Amino acid sequence: MRASQLFIPTLREDPGDAEAASHRLLVRGGFVRQVAAGLWTFLPLGWRVHEKIVQIVRAEMDATGCQEMFMPVVTPAELWQRTGRYDIPELWKVQDRLERPFVLAMTHEETVTFHARELRSYRDLPQMLYHFQTKVRDEPRPRAGLLRVREFVMKDAYSFDRDEEGLERSFRLQEAAYHRIFERCGLEVYAVQAESGMMGGSESADFLAPSGSGENTLVTCEKGDYSADLEIAHGVPRAPEFPESFDAPDAVETPGVTTIEALAELLGVDTAATSKAMPVVKTDGTLVLGLVRGDDRLDEAKLAAVVGSAVRPATEEEIRNTFGADPGSVGPLGFSGEVLADETLRNGQFVAGANRTGWHLRGVEHGRDFEARFADIRQAKEGDACPRCGGRLGFQTAIEIGHIFKLGTFYSEPLGAKFLDEEGQERPILMGSYGIGPGRVMAAAVEQNHDEHGIAWPRALAPYDVHVVAIGAAGAEAVETAERLAGELEENGASVLLDDRDQRPGEKFAGADLIGCPTRVTVGKKTLEDGRVDVLVRAGRVEERVPVEDLAGQVGSPA
RNA sequence: CGGGAUGUGGCUCAGCCUGGUUAGAGCGCCGCGUUUGGGACGCGGAGGCCGCCGGUUCGAAUCCGGCCAUCCCGACCA
């Protein structure tokens with residue numbers, strides 16, 4: 001294609017409202033444009049990349065026997081009311097002209113289950129269906145370009161099985177396909193256990209791509225045998241240096257001390273030998289005291305999972321009423337409600353709040369001085385040891401680019417998707433759902449493959465395989481040669497972007513660096529004099545001068 | 001939804017604090033010419049309800065109030 005005829009509106013400067021590298025570069029390179037917060041147009045270049053990702057996903061889905069179909073964005077509210085998802089705040093609700101309620105689907109479990117009601121016999125199972133469709137979500141806060149948006153294309157696949165074994169098989173089939181997809185896309189990705197969120201169901205796995213920006217924190221072991229989302233990651237913290245022990249809790253005055261650091265300093269103890277009390281309130285109004293080591297942070301999500309309810313931090317007023325002390329001096333002793341302590345506090349003596357403002361207790365010991373329920377409720381920290389091998393845990397910001405779930409009967413029960421087994425017994429279908437957002441894959445690819453000059457696309461995702469830069473004005477010999485070479489490369493199977501615009505060389509080079517095609521071929525009279533052209537590999541920016549007749553071989557066939 | 005910031009030609013921004021002729025710069029765009037291996041140069045041009053509404057004032061891009069939009073942090077989140 002000739003650049004002179006394409007709509008590739010590149011920007012010389014970074015857009016003022018972009019921070020994430022992918023956001024900046026995709027906008028600057030003319031791949032995407034924002035229409036409103038979280039609503040994006042894919043321009044021709046961006047859509048080429050998007051569709052390359054789609055094709056890879058499609059090929060791997062088809063290879064698993066998953067069948068492509070197409071379901072509408074607009075769905076009747078009734079389906080969502082039946083599954084209890086109608087009240088999700090992110091659900092975009094609309095009405096038709098007769099004011100009948102509809103929903104712009106944020107995902108298609110309801111609709112696909114509606115169709116799954118036609119699977120009546122065990123003979124019809126298993127089945128796997130998928131489609132690419134626009135998803136709509138009324139996000140409270142769209143952000144970082146393509147990372148969190150209000151409307152986006154997603155590949156969502158659904159499996160239908162008669163029993164747990166079948167579901168397990170389907171789940172693993174999809175999981176393996178996901179690894180192949182991201183491998184083909186040239187992405188570094190980790191599959192980690194994840195929360196199921198608003199999807200319902202049991203097991204789920206997240207596919208996290210490390211990147212310079214993103215909403216997830218990926219925890220990995222340096223030895224490569226452990227990876228998890230920070231939300232559920234388990235780390236082994238260092239052992240505390242315990243001070244002298246006490247036969248009974250020893251009250252010390254700690255006036256004005258509200259931070260662990262100040263407390264540890266005042267008492268001359270290791271912060272890891274102190275405890276931190278975090279009162280939280282469950283949805284039923286019950287107050288629970290979360291207890292973690294002084295140098296740790298309470299993970300509210302973990303705590304919420306253990307107590308089986310969403311929780312919020314208690315207000316200062318609630319804390320004073322319950323404990324009779326200011327928040328900085330609260331502890332487990334004398335508290336009549338449930339104490340949920342982190343495993344790290346099971347053994348040893350710790351400093352704890354005395355439930356008396358301005359006082360703490362030294363030598364507080366579980367079992368002797370207070371009772372508690374133990375669980376992993378601390379947030380893993382960088383530098384913690386790996387729970388598997390003891391190696392060091394590292395943290396990376398990551399983008400969630402895929403998520404697979406075992407849904408079980410969460411949708412089939414309320415929507416009545418049932419089948420008859422061999423015994424004539426009616427049973428609900430067991431479902432799984434499997435999503436990938438090509439837009440996020442695109443953003444992750446940029447996050448992982450760029451430098452100060454622009455994007456360096458993985459071969460499989462690049463908008464064009466080769467960017468041929470013709471030096472000189474239209475009609476010049478170099479330009480004609482460039483056109484001929486571009487044609488030859490195309491005949492050889494490569495997709496080619498020919499920069500035939502009447503622009504200065506520097507501008508063309510800068511544009512090519514920004515757009516990021518894997519290979520750049522510079523055709524100018526300087527090298528043409530001895531029958532050669534310059535071939536630059538974008539990743540690493542290594543340039544080599546090659547004879548024109550070797551060009552096709554040098555550039556290679558497309559991925 | 002809480003906290004913070006920003007809204008001025010297509011883009012990036014200055015001007016606002018301390019109100020006062022036709023509102024500026026760089027880049028981009030159009031025309032002519034010179035140029036052509038890392039974002040050239042000269043000359044001439046086009047393009048702005050200064051986010052919106054209201055208030056203060058003789059006078060508002062500038063001060064005050066309300067609203068809207070966008071970005072960032074948090075809450076939230078397939």
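A, B, ... follow the sequence lines: proteins, then strands. Residue 1 opens every chain. The shown structure was predicted, so the numbers you read here are calculated from the model rather than taken from an experiment. Just so you know, these numbers use all the heavy atoms, side chains as well, and skip hydrogens, waters and symmetry mates.
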Item to check | Under-4.0 Å side-chain N/O to phosphate OP1/OP2 contact, A/Arg141 with B/C73 | outcome: yes
Item to check | Any A/Arg504 side-chain N or O less than 4.0 Å from OP1/OP2 of B/A40 | outcome: yes
Checklist entry - Is the count of non-hydrogen atoms from other residues, nucleotides or ligands lying under 6.0 Å from A/Arg297 atom CZ greater than 12? => result no
Item to check | Residues which pass ring-ring contact (aromatic ring centres under 6.0 Å, His included) with A/His131, listed by chain and number, not counting sequence neighbours | outcome: A/His108
Item to check | Contacting residues from residues 517-528 of chain A, given that a heavy atom lies under 4.0 angstrom of RNA chain B | outcome: A/Arg520, A/Thr522, A/Gly524, A/Lys526, A/Thr527
Checklist entry - Listed in order of residue number, which residues of residues 17-33 of chain A have a non-hydrogen atom at under 4.0 Å from RNA chain B? => result A/Asp17, A/Glu19, A/Arg28
Under-3.5 Å N/O pairs linking protein and nucleotides 46-53 of chain B:
none

[options]: which one has an atom nearest the side-chain heavy atoms of [X]?
X        : options             : result
A/Arg148 : B/C71, B/A75, B/C77 : B/C77
A/Ala37  : B/C77, B/C71, B/U12 : B/C71
A/Ala144 : B/U36, B/C77, B/C72 : B/C72
A/Asp513 : B/U36, B/G38, B/G74 : B/G38

Checklist entry - With sugar-phosphate meaning primed atoms plus P, OP1 and OP2, does A/Asp534 contact a base, only sugar-phosphate, or nothing at under 4.0 Å between heavy atoms? => result base
Item to check | Sugar-phosphate, base or nothing in reach of A/Pro9, heavy atoms under 4.0 Å | outcome: nothing
Scan nucleotides 24-34 of chain B against the protein and return all N/O pairs shorter than 3.5 Å with their distances rounded to 0.1 Å.
from	atom 1	to	atom 2	distance (Å)
B/G26	N2	A/Glu13	OE2	3.3
B/C27	O3'	A/Arg12	NH1	3.4

Checklist outcome for this item: Taking pairs as Watson-Crick (N1-N3 plus N6-O4 or O6-N4) or G-U wobble (N1-O2 and O6-N3), each distance under 3.5 Å, the stems of three or more consecutive pairs with RNA chain B are B:1-7 with B:68-74, B:10-13 with B:24-27, B:29-34 with B:40-45, B:51-55 with B:63-67
Checklist entry - Taking CD from A/Glu477 and P from B/U36, how many angstroms apart are they, rounded to a whole number? => result 16 Å
Next on the checklist: What is the separation between atom CG on A/Leu91 and atom P on B/C77, rounded to the nearest whole Å?
Outcome noted: 14 Å
Checklist entry - Does A/Tyr86 have A/Lys93 sitting over its ring (NZ/CZ under 6.0 Å from centre, angle to axis within 45°)? => result yes
